[in-house]
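Comments concern the structure below.
Convention: sequence-line order gives letters A, B, ...; per-chain numbering from 1. Below, each value reflects all heavy atoms present in this structure, side chains not excepted, and no hydrogens, waters or symmetry copies.
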There are 2 protein chains.
Amino acid sequence: MDTPDTPDALETRELRYFLAVAEELHFGRAAERLGMAQPPLSRAIQRLERRLGVSLLQRNRRGVALTDAGEMLLHEGRAALDATTAAARRTRRAGGADRPGGSRNRLVLAVKAGAFHELLHKLLDAYAAEPDAAEIEVLPSGTCEQEEMLRDGRADAALMHKPFNSLAGFDSEELMTEGQIAVLPAGHPLAAHRTLSLADVSNIPGLPLARWARNGIYPPGPGPEIHDQTQLAQLIALGRTVAVFPDSARTWLWAEHTAVPLTDAPPVVTHIAWPAHSRSLALARLVRTATRL
Amino acid sequence: MDTPDTPDALETRELRYFLAVAEELHFGRAAERLGMAQPPLSRAIQRLERRLGVSLLQRNRRGVALTDAGEMLLHEGRAALDATTAAARRTRRAGGADRPGGSRNRLVLAVKAGAFHELLHKLLDAYAAEPDAAEIEVLPSGTCEQEEMLRDGRADAALMHKPFNSLAGFDSEELMTEGQIAVLPAGHPLAAHRTLSLADVSNIPGLPLARWARNGIYPPGPGPEIHDQTQLAQLIALGRTVAVFPDSARTWLWAEHTAVPLTDAPPVVTHIAWPAHSRSLALARLVRTATRL
DNA sequence: CCCTGTGATACCCGGCAGGTATCACCGAGG
DNA sequence: CCTCGGTGATACCTGCCGGGTATCACAGGG
């Protein structure tokens, strides 16, 4: 495995530049976002295109459009840039550079804020009891941010919910399966039912389903746009919306909430996931502990 | 998603340099491999360590050793560098820069040289019959090189054998399962048996098991070191070695070979695998075709 | 004791990354 | 039809840094 053939090897800076332009579709704004002037950006992209021997952008007089090759570089480049920043972050962490007095042996576990209370407690207790256990830092993450955190190295492992999180590209182990419940305002007529179906709750007159952001995009619908769980809890308590949650969400329900099991909702499978190429002993032990719960 | 925080972002060149040093554990040789002089290399690594705020190498007067952080950067950096070169390669290919008159719509399928004859034939025929099919380039790969080829962008998909190839980090679909056979010289006494066990063939007096390289490393043992299938076929025909293969290897046996089914060998599962983040329509169609065979 | 081989340092040069000023072009208004 | 605003591209300059050569400092082995 000598130097295989790296005739011209796509520098990280060029990747950052291109991604900014490809996302903004505008050289000026991209340059501003990158904290630089527009001319050097234009030149850098031109040089990149020349080096790759491929046209990445179609310059219409009014803005910019991606070519097929540009589309490809947008996707692949994001993955590559994530992998690079992940390498930097994990290396810093392995060297203990993130916190002066911190242990060199730390694992960062990404957990959706507010979820997994019970499971997480058991996991942390069980792992702490292991001999020679690493320090576990629990990193609260946004709604569907765990994948990104694993990919860019902010986290070493994550607890994920199967139908909501994509496990693509990660190794994972199944931890538990649970049903789903509808969380209703306590006073609502439907709250008296023993069970409900998805159809029952998806079109309640005057009580639209809450909408969560996926990748910063809200699905269309009449319901309110939700950012965090507390906000949602309040809106439900006020009788303004309904939401569907895994069974374990019961732990954070208020007195003004009523949980009704859903008969036909797909089961939610909780996984612990980690980057497939990971070789850390501490991580392996954490996973083993988790699967034995 | 503005500029998150890129205080100092690990350039590709630095990664290449560090990997060379980490693999050689010797600045001089690494510099030679990189086609540069040793002093700039030393400085680059020092700067990298300063930027990361982490010590990567322990300089003993007699050579170099990796620290924990260095070990981490060696692993993570390899993945990152692969992702980067993959991005460059796939972008070039998407732009049709690899071959002047070539179709923009090409898929590269990595196949272990000499294996999968029958399956591959059926797959290519079935796919070619699809409407709007992309051009498939079959790329012969070394013994266990397919993972690397997917990772660094030389291939878009690969046919893999489950117990031998690692599917970690890839998406995959199962295509077929088969048993394994021992391939013996036709004249050997054991060749007369209807079946054999692994124990039978692993210690035949005067007929040691052939050894294949895995990642460039040969497992220890008395048998000959094998590089390619033709060489192995010849050595078997000459009565110098035995080998174990999936059932489908029967297609390339010589008259001087005898195949004997193994009763206790683990079954071999053939998969088609591809990078988990892939979003290509042509690839999706190829996978669908493959699973329908 | 010197000789050999290691990585680090000193110093120099050229190229390229980045800045400012400006151009070339087109679409929208008047 | 002409002008004006906003786009990306070009021209030109400068300073930094990547890379080279020559040399040092140091440890081991004869």
For every nucleotide of nucleotides 9-23 of chain C, 5' to 3': is a protein heavy atom under 4.0 Å from its base (B), only from its sugar-phosphate (S), or from neither (-)? B-------SBBBB--

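- Spacing between atom CG of B:L41 and atom C1' of D:dG19 amounts to 11 Å, rounded to whole angstrom units.
- Separating the CG atom of B:L48 from the P atom of D:dC17 is a distance of 15 Å, rounded to the nearest angstrom.
- Regarding B:I45, its CD1 atom lies at a distance of 11 Å from the P atom of C:dG7, rounded to whole Å.
- Applying the side chain to side chain donor-acceptor pair (under 3.5 Å) test to A:T12 and every residue at least two apart in sequence or in another chain returns B:T12.
- Of the side-chain N and O atoms in A:H26, none sit less than 4.0 angstrom from OP1 or OP2 of D:dG6.
- Atom P of nucleotide C:dC25 and atom CZ of A:F27 are separated by 18 Å, given to the nearest angstrom.
- Residues B:R154 and B:E148 form a side-chain contact, since some pair of their non-hydrogen atoms from C-beta on lies under 4.5 Å apart.
- For A:E32 and D:dG6, the CD to C1' distance is 15 Å, given to the nearest whole Å.
- At a threshold of 4.5 Å between non-hydrogen side-chain atoms, the residues A:L286 and A:R288 do not count as touching.
- Taking atom CZ of residue A:R29 and atom C1' of nucleotide D:dG8, one finds them 13 Å apart after rounding to whole Å.
- Counting to the nearest Å, the P atom of D:dG8 and the CG atom of A:L25 are 10 Å from each other.
- Side-chain N or O atoms of A:R89 include one that pairs as donor or acceptor with a backbone N or O of A:D152 at under 3.5 Å.
- In this structure, B:E24 atom CD and C:dG5 atom C1' are separated by 16 Å, rounded to whole Å.
- Taking 4.5 Å as the limit, some side-chain heavy atom of B:E14 sits within range of a side-chain heavy atom of B:R51.
- Looking only at side-chain heavy atoms (C-beta outward), A:L48 and A:L10 come within less than 4.5 Å of each other.
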